[in-house]
2 protein chains.
Amino acid sequence: MGTVSKALSLLAYFNHGRTGIGLSDLTRLSGMNKATVYRLMNELQESGFVEQTGSDRSYRLGPQVLRLAALREAAVPILSVSRQVLRELSDETGETTHLSLLQGSQLNSLSHAYSPRNATRVMMEDAKVLTFHGTSSGMAVLAFAEPDFAEAILSQPLEARTPETLTDPEKIRAQLDGIRKSGIAVSVGGFEEDVHSHAVPIFDPDRKVIGALAVAAPASRMTAEQKQLIPAALRRAGATLTYRIGGSAPAGFPQDETA
Amino acid sequence: MGTVSKALSLLAYFNHGRTGIGLSDLTRLSGMNKATVYRLMNELQESGFVEQTGSDRSYRLGPQVLRLAALREAAVPILSVSRQVLRELSDETGETTHLSLLQGSQLNSLSHAYSPRNATRVMMEDAKVLTFHGTSSGMAVLAFAEPDFAEAILSQPLEARTPETLTDPEKIRAQLDGIRKSGIAVSVGGFEEDVHSHAVPIFDPDRKVIGALAVAAPASRMTAEQKQLIPAALRRAGATLTYRIGGSAPAGFPQDETA
DNA sequence: CCAAACGGTTCAATATATGAACCGTTGGTT
DNA sequence: AACCAACGGTTCATATATTGAACCGTTTGG
C-alpha cells in the first residue's frame, strides 16, 4: 500500500460516532506506527483535509472536503438532483426516503428526506455505512452489481443486526434472484427492527448500478394500501433519478409496468 | 513536500471550469513527472477520491468526497446551519446572499441563496475561489484575520478584475481599518461590475475569523432604503450564524447597535 | 497513412517513509 | 506532593517507497 493510500485510509476512521480522533487512538485504530500516523495527519492537515481542535489536540475532518464535495456535485450533481426526488417521494408516500451510493465496496447513505405527515418517522443519518445483506438498499445494489462483486460480499462473514437479518448466503442469493426479476428489494426488520423498507437500484450512464433509492416506514404503518402505493411510487422515482443523472437501466431491468 | 501533499495538491487543479482532467493535462498543470502523476492518481482512485470516466479516461472527483463532506457537516455543521440563515437573509433583503469560508489561505464560496423577489439576480456558484482584495467577503475576512496573514496576502501582486478593483496595498490597508471599525465591508464593482456587495465576518469558538456572509445586489437596485436595510439585516444574520455554530466575535468587534 | 499525443509501464537511482526509543506535559491516583 | 500512565510530539539510522527518462501500444487528426 502506497503512502497516499495509507494517509487516506486514516480518514476512514471518522464516522458519526467518532467525529474527532486523537493521535493515540488513531494509531491504535490503524495499527500503524505513531510517528507515521503523526506525519501523515500533519500532511492531511496542511492540505486542509483535517484540522486539530483547539481544546484537546484531536483531529477532525477539515474544511477542504467541503470544497471538493461542492465540485464533485458540479461535475456529477447526483445529490442536488436527488434532493428534489427524495422530497417528492416523501411527500407522496408519507414516509422517510433516502439515497445511498456505492463508494468503493462500501454503501453509504448520503441524502434523505422526511415526510411531515406522520409524527413517528424512521430517522436517517447521512454518511452512514449500510450493510448489503439486511438492508433493502444493499440488496437492491447487490442484485444488479457485477456478479464477482456480489460474491465477494457474500463470501465474507455476515453479521446479523436483528433476529430478522438473513445471513445464509444461499438464501440471500435466492432473494437476489427475486429482486433481479422484480426490480425492487423489500426488507422487514433486517437492519432496524420494526422498519419495513423498499429500495430500487440507481444506474449511471454506463448502466452500472451506483446506489439505491429507498423508502423506510414503521412496520405498523404498512397497510395494504401503502404496500401498493410505495413500490409503485418508488419505481417511478428511481426511474426519474436514474434518468436525471443521465443514467439508464441495464438491458434486463424490469420496466415500468408491473401490472 | 511529502507524497501525500503532492497527491492532494493534484486535487486543487479541479474547479468549475475544469471538472475533468486527463493524465497529460494534469502532468503539465502540476509540473510533475507523468509516471508520478499516474501513480498518485491511481492511489487517489483506489481510495475513491477521484474516478475515471468511461468515455475518455480523464479523472474527475470521486464519490468519497461526498461522504467526508457529510461527516464534516456532522462534526461542524456550518453549511447546514448557514442554509437557513442565507434563506432568511435573502428573503429579507430581496437579494442574492452567499457564504464563503477560509480554507487554508484561500477563500471559497460554499453556499448561497437567491431571492425570488426580483427577476434580475446576482448569480453565484459554490466552490468558487474569491480574491481577498476586490470582494467584500475577502475584505471582511482580511480585516479580522491575523495581521501576518493579511500582510502576506497584500504583499503578493494584486490583480485588478475590474477597473474598480483596488490594488494599492496602502489604500487597501486604510479600507481594512475602516472595516475593523464598522464591522462590515462594502464593495462596489470590485469583483464583477455593477455588483454592489456587503459582507460581515463569521467567527469560530476561538474567536478566529473563518469566513464571511455577504449580500450581493445589482448596483442599480441599491436605493437609499436598501442601503439602510441591507447592512442592518446582514449584521444581524452574521451575528446569528456565528452564534449558531458556537462561535463568538473577538473582543474589539463592533457590537450590534450601529445607531 | 503518417505523426503526434494519448494513457500506461518499466527499472535503476535515489529520495522518502518508517519505527523504536525518547522528550516534555498533562491529568488522574495514591 | 509525589507518582505514574498516557498523551502529543520528535529524533535518526535503516529500509522501503518514490522518482523520472525512456519505452510501449493505441487513439486521433491532418
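Computed from a predicted structure; not experimentally measured. Naming convention: chains lettered A, B, ... in sequence-line order (proteins, then strands); numbering from 1 in each chain.
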Problem - Residue mapping more 5' on DNA chain D - nearest nucleotide basis, Asn42(A) or Gly2(A) - result: Asn42(A)
Exercise for the section: Take Glu192(A) and Arg161(A), measure what salt bridge (Lys or Arg N to Asp or Glu O under 4.0 Å) needs, and give me the verdict at the end. Expected result: CA-CA 7 Å; Glu192(A) 302 280 352; Arg161(A) 270 196 50 118; 3.0 Å; yes
Fill in the blank from the handout: From CG of Leu40(B) across to P of dA17(D) the rounded distance in Å is 15 Å
Problem - Non-hydrogen atoms of Ala7(A) and Leu44(A) that approach each other most closely - result: O-CD1, 3.6 Å
Handout entry: SB check Arg173(B) Glu151(B) (cutoff 4.0 Å)
Key = yes
Problem - Rounded distance [0.5 Å steps], OG1 in Thr242(B) versus CG in Leu213(B) - result: 8.5 Å
Practice task
Kindly state which residues belonging to residues 20-39 of chain B come within less than 4.0 angstrom of DNA chain D, counting heavy atoms of the residue only, listed by number.
Solution key: Asn33(B), Ala35(B), Thr36(B), Arg39(B)
Completion exercise
Per-nt protein contacts along nucleotides 25-30 of chain D (heavy atom under 4.0 Å; B base, S backbone sugar-phosphate only, - none) come out as ------
Problem - Note: Arg72(A)-Glu51(B) ion pair, threshold 4.0 Å (strictly below) - result: yes
Completion exercise
Taking every heavy atom of Thr165(B) against every heavy atom of Glu159(B), the minimum-distance pair comes out as CG2-O, 3.9 Å
Exercise for the section: Classify the angle between the aromatic ring planes of Phe203(B) and Phe253(B) as parallel (below 30°), tilted (30 to 60°) or perpendicular (above 60°). Expected result: perpendicular
Practice task
Please report the C-alpha distance between Val76(B) and Asp204(B) in whole Å, then the side-chain angles of each, then the deciding distance to 0.1 Å, and finally whether the side-chain contact (heavy atoms from CB on, under 4.5 Å) criterion is met.
Solution key: CA-CA 10 Å; Val76(B) 187; Asp204(B) 74 2; over 6 Å; no
Handout entry: Segment of DNA chain C, first to last nucleotide, that comes within the 4.0 Å heavy-atom reach of chain A
Key = dA17(C) to dA20(C)
Practice task
Count the heavy atoms belonging to other residues, nucleotides or ligands that lie under 6.0 Å from OH of Tyr13(A), then report whether that count exceeds 12.
Solution key: yes
Handout entry: Closest approach of Ser82(A) to Leu241(A) (non-hydrogen atoms, all atoms of both residues)
Key = CA-CD1, 3.9 Å
Practice task
Look at Thr3(B) and dA17(D) and indicate whether a side-chain polar atom (N or O) is within less than 4.0 Å of OP1 or OP2.
Solution key: no
Completion exercise
Residue pair Tyr59(A)/Met1(A) against DNA chain D: nearer the 5' end by closest nucleotide is Tyr59(A)
